[in-house]
Each structure stands twice: as C-alpha cells, then as structure tokens.
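Starting from 1, each residue takes its place in the sequence as its number.
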Amino acid sequence: MDLHAEKVDGWFTSSACGSQGGGCVEVARSGEGMAVRDGKDPGRPALEFTAEQWRAFLAGVQAGEFDLV
C-alpha cells in the first residue's frame, strides 16, 4: 500500500483514510508544535503538542511502542 498525506485547509490526513473518513486523525502545524484533531468531527477542539512532545511521540511510533500485535 502506498501511503501519503493529503493536505486539506492546512490539516494533513493519511491517504489510507480514504473518502469515508473512518477513525482517522488529522494533524497540522501549530506554532512550533503540532495539533491533532478527530477527522470525523473537525469542529471540536484539537489537542496541541510541543515540538519536543511530537518528536517523542514519533520516536515511539518508529520504535513500535504503540504496536498492538
């Protein structure tokens, strides 16, 4: 599967989400950090993370810390 991000109004979502939305989240730059919101309900407040928090999260993803298998 070829995954890439699609940008919509400054927010990015994975191409794996498709047009149905599903349980996908969207991310956007927020100042020097990142914001995350629910793609199904983008009108709700977003969660905001500092650049350091975002880097730690990405490192955890790459290390498999959140794998359910």
Side-chain angles (χ1 to χ4, degrees):
M1 180 183 305
D2 180 27
L3 299 179
H4 62 277
E6 297 176 4
K7 185 175 182 181
V8 179
D9 295 329
W11 290 88
F12 291 87
T13 187
S14 171
S15 61
C17 292
S19 61
Q20 300 302 316
C24 295
V25 298
E26 298 174 340
V27 298
R29 289 198 182 276
S30 175
E32 293 185 21
M34 296 295 287
V36 179
R37 70 180 183 185
D38 183 348
K40 295 181 305 221
D41 194 0
R44 295 192 60 166
L47 300 173
E48 294 196 38
F49 300 93
T50 65
E52 182 179 343
Q53 291 169 324
W54 190 251
R55 282 190 298 272
F57 170 70
L58 293 179
V61 169
Q62 291 172 340
E65 292 179 20
F66 306 108
D67 292 352
L68 298 177
V69 180

**Request:** Would you indicate whether E65, at its atom CD, is surrounded by more than 12 heavy atoms from other residues, nucleotides or ligands within a distance under 6.0 Å?
**Result:** yes
**Request:** Return the set of residues passing side-chain contact (heavy atoms from CB on, under 4.5 Å) with A35 (not counting sequence neighbours), or none when no residue passes.
**Result:** W11, S30, A46, E48
**Fill in**
What one should report as the nearest heavy-atom pair of V25 and T13 is O-OG1, 3.5 Å
**Request:** Please identify each residue that fulfils side-chain contact (heavy atoms from CB on, under 4.5 Å) with D67, with sequence neighbours left out.
**Result:** none
Under 3.5 Å, side-chain donor or acceptor atoms of residues 51-61 against the rest of the protein: list the pairs with distances, not counting sequence neighbours.
residue	atom	partner	partner atom	Å
Q53	OE1	T50	N	2.8
Q53	OE1	T50	OG1	3.3

